[in-house]
Amino acid sequence: MIEDKERWNVRHVEKPMRKNVEPLVEKYIDLATVGNALDIACGTGRNTHFLAKKGFMVDAVDLSDYALSCIDEDKKINKIEVDLDEYTLASKKYDLIININYLQRRFFPQIKEALKEGGVVIFETFIVAHGDFNNPANPEYLLRKNELLHAFIGLDIVYYEEKDEINLRGEKIRVASLVAQKPTC
């Protein structure tokens, strides 16, 4: 864990992420009831701050103490420094869960369980691409085609797409985007 933390601290300093909220989050935020939100692998808080401004009480979870130190002190934000390989999501706690540019497959069922009835998940991360795409290079961090869609069967799928994009550093990437809602009984 210490090696991972140091690696991520250096990455956040040397290659900072963009500061604007993720467009997918901005577009679909209003589907969620304002209440408790979880920002998985929140980084320096670009989405965390947006959620707090929208009125959510946000659990901002990340391994990097440097990244968490960049998040504003706010009574609506609970910063949680933790190794996500060992973290377990609380059951039926969240009205909204966002997961952007991070992949931990063991979270798929936990996210579904952590949502309250009517809760919304907004998830976007990298998928395996063909050709010269190589970001990220480690295949453990890449979804397979339609894997994200299949992982959230049982939720009402509001939006799903796999597409090519150009990232902040001008590199070609491929991402899967999903917005889904937990059915109400």
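Here the structure is a predicted model, which is why all the values come from computation and not from measurement.
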Side chain to side chain, L96 and I29, heavy atoms closer than 4.5 Å: yes
Verify same cluster id: L63, I77 (apolar side-chain graph, 4.5 Å): no
Heavy-atom side-chain proximity of Y94 to V121 below 4.5 angstrom: no
Modelled atom types, side-chain donor and acceptor of Y160 and E162, under 3.5 Å: yes
Where R144 and R105 come nearest, the two heavy atoms and their spacing: NH1-NH2, 3.9 Å
Rounded distance [0.5 Å steps], CD1 in I157 versus CG in L178: 4.5 Å
L24 with F56, same ILVMFWY side-chain cluster at under 4.5 Å: yes
Atom of D62, atom of A41 and distance for their closest heavy-atom approach: OD2-C, 3.3 Å
L148 and F123, any side-chain heavy atoms less than 4.5 Å apart: yes
K163 atom NZ, neighbour heavy-atom count above 12 within 6.0 Å: yes
Donor-acceptor contact present, side-chain E113 to main-chain S91, <3.5 Å: no
Test item: D39 side-chain N/O and T48 main-chain N/O as donor-acceptor pair under 3.5 Å: yes
Least distance between heavy atoms, C42 atom then L68 atom: SG-CD2, 3.7 Å
Separation of H49 NE2 from N20 CG (nearest 0.5 Å): 13.0 Å
Side-chain donor-acceptor pair present, N101, E124, cut-off under 3.5 Å: no
Check ion pair K92-E117 (N to O, under 4.0 angstrom): no
Any side-chain heavy-atom pair of I122 and N47 under 4.5 Å: no
pair P183-L155: side-chain heavy atoms closer than 4.5 Å: yes
Nearest atoms (heavy-atom pairs only) where I71 meets A60: CD1-CB, 4.1 Å
T125 side chain vs I100 backbone, donor-acceptor pair below 3.5 Å: no
Single-linkage hydrophobic cluster V25~M57, side-chain heavy atoms < 4.5 angstrom: no
Rounded distance (nearest 0.5 Å) linking atom CD of Q181 with atom CG of L115: 9.0 Å
Pairwise distance CD(E81) to OG(S64) - rounded to 0.5 angstrom: 8.0 Å
Any donor-acceptor N or O pair under 3.5 Å, side chains N78, D59: yes
Whether F107 and Y87 hold their rings parallel, tilted or perpendicular, with breakpoints at 30° and 60°: perpendicular
Between CD on residue Q110 and CD1 on residue I97, distance to nearest 0.5 Å: 9.5 Å
Side-chain heavy-atom pair V120, D95 within 4.5 angstrom cut-off: no
Side-chain H-bond candidate by donor/acceptor type, S177 with E161, under 3.5 Å: no
Shared hydrophobic cluster, L51 / L31 (ILVMFWY, side-chain heavy atoms < 4.5 Å): yes
Side chain to side chain contact (heavy atoms under 4.5 Å, CB included) evaluation trace for F50 with E26: CA-CA 8 Å; F50 177 75; E26 189 171 30; 4.1 Å; yes
Gap between atom CD of Q104 and atom CG of D85 - 0.5 Å precision: 5.0 Å
L89 with Y102, same ILVMFWY side-chain cluster at under 4.5 Å: yes
pair R46-E22: side-chain heavy atoms closer than 4.5 Å: yes
V58 and L38: CA distance, side-chain angles, deciding distance, side chain to side chain contact (heavy atoms under 4.5 Å, CB included) verdict: CA-CA 6 Å; V58 185; L38 172 63; over 6 Å; no
Polar side-chain atom of K112 near backbone of I153 as donor-acceptor pair, under 3.5 Å: yes
Expected output: side-chain K76 to main-chain K53 donor-acceptor under 3.5 Å: no
